[in-house]
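Structure record follows, encoded as structure tokens.
Just so you know, these numbers come straight off a predicted model, no measurement behind them. Lettering of chains follows the sequences in order, A, B, ..., and the numbering in each one begins at 1.
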Amino acid sequence: MQKSGHDATSRICLVLAKVPEGRVVTYGGLAELAGLPRAARLVGQTLRKLPKDTGLPWHRVINAQGKISLPEPAARRQWKLLKGEGITPINGKIDLPRYGWPKPDEL
DNA sequence: TTAGTGACAGCTC
DNA sequence: AGAGCTGCCACTA
């Protein structure tokens, strides 16, 4: 959303916007889908800057461990949003193989 | 232009 | 299984 459309930020937002409800994507995965392999950290920085009124599903982004990477206050909100979409943590973690996106095939 | 930083990931102990 | 260390990429000062 800023300059043109070939900025890392823009591409990340574009891919993020494609993440369907009830699914989640890892930082690394999102980076890769955005054409920025190994740039997981950049995704974090980018998401962090997103305005709060953004329509992007920022809450569907979690780390490769299936956990929230945000600091406490925000972490709770993210969990709540995820649960609101039907995503329930198992043992405090999200089952990526199950909720991960994209998914080549639906069971 | 160089150095420092971060909402990560992967490997090792 | 959990904690720690290192690597990586793009961004900001």
Quiz item: To the side chain of A:T26, which of B:dC8, B:dA9, B:dT5 is closest?
Solution: B:dA9

Practice problem: Classify the nucleic acid contact of A:P71 as base, sugar-phosphate or nothing, counting any heavy atom under 4.0 Å across all strands shown. | Solution: nothing

Quiz item: Starting at the 5' end of DNA chain C, which residue's closest nucleotide do you reach first, A:R41 or A:Q45?
Solution: A:R41

Exercise. Whole angstrom is fine here: how far is it from NZ in A:K93 over to P in B:dC8?
Key: 17 Å

Exercise. Remember a base hit wins even if backbone is also touched, and classify A:K67 as base, sugar-phosphate or nothing at under 4.0 Å, heavy atoms.
Key: nothing

Practice problem: Check for a donor-acceptor pair, side chain of A:R23 on one end and backbone N or O of A:W101 on the other, with a separation under 3.5 Å. | Solution: no

Practice problem: Under 4.0 Å from any heavy atom of chain A: name the first and the last nucleotide of DNA chain C that qualifies, 5' to 3'. | Solution: C:dG2 to C:dT12

Practice problem: Find the distance between CD (A:Q78) and NZ (A:K67) and round it off to the nearest 0.5 Å. | Solution: 13.5 Å

Self-check item: Whole angstrom value for the distance that separates P of B:dA7 from CG of A:L56
Solution: 18 Å

Exercise. Please state how far atom CG in A:L36 lies from atom P in B:dC8, giving the value in whole angstrom units.
Key: 16 Å

Quiz item: Between A:L33 (CG) and B:dA9 (P), how many Å, whole number?
Solution: 13 Å

Self-check item: Main-chain N/O of A:P89 paired to A:K83 side chain as donor or acceptor, under 3.5 Å
Solution: no

Quiz item: Checking side-chain contact (heavy atoms from CB on, under 4.5 Å) for the pair A:D95/A:T88: CA distance, chi angles, key distance, verdict?
Solution: CA-CA 9 Å; A:D95 185 35; A:T88 321; over 6 Å; no

Quiz item: What distance do A:R77 atom CZ and A:L70 atom CG have between them, rounded to the nearest 0.5 Å?
Solution: 8.0 Å

Exercise. Please state how far atom CH2 in A:W58 lies from atom C1' in B:dC8, giving the value in whole angstrom units.
Key: 17 Å

Exercise. Could you pick out which residue, A:L42 or A:Q65, lies toward the 5' side of DNA chain B when each is mapped onto its nearest nucleotide?
Key: A:L42

Self-check item: OP1 or OP2 of B:dA7 under 4.0 Å from side-chain N/O of A:R48
Solution: yes

Quiz item: In Å and rounded to the nearest 0.5 Å, what is the CD to CD distance from A:E85 to A:E21?
Solution: 4.5 Å

Self-check item: Backbone N/O of A:Q65 and side chain of A:N63: donor-acceptor pair under 3.5 Å
Solution: yes

Practice problem: For A:T46, report the nucleic acid contact type (base, sugar-phosphate, nothing); a contact means any heavy atom under 4.0 Å. | Solution: nothing

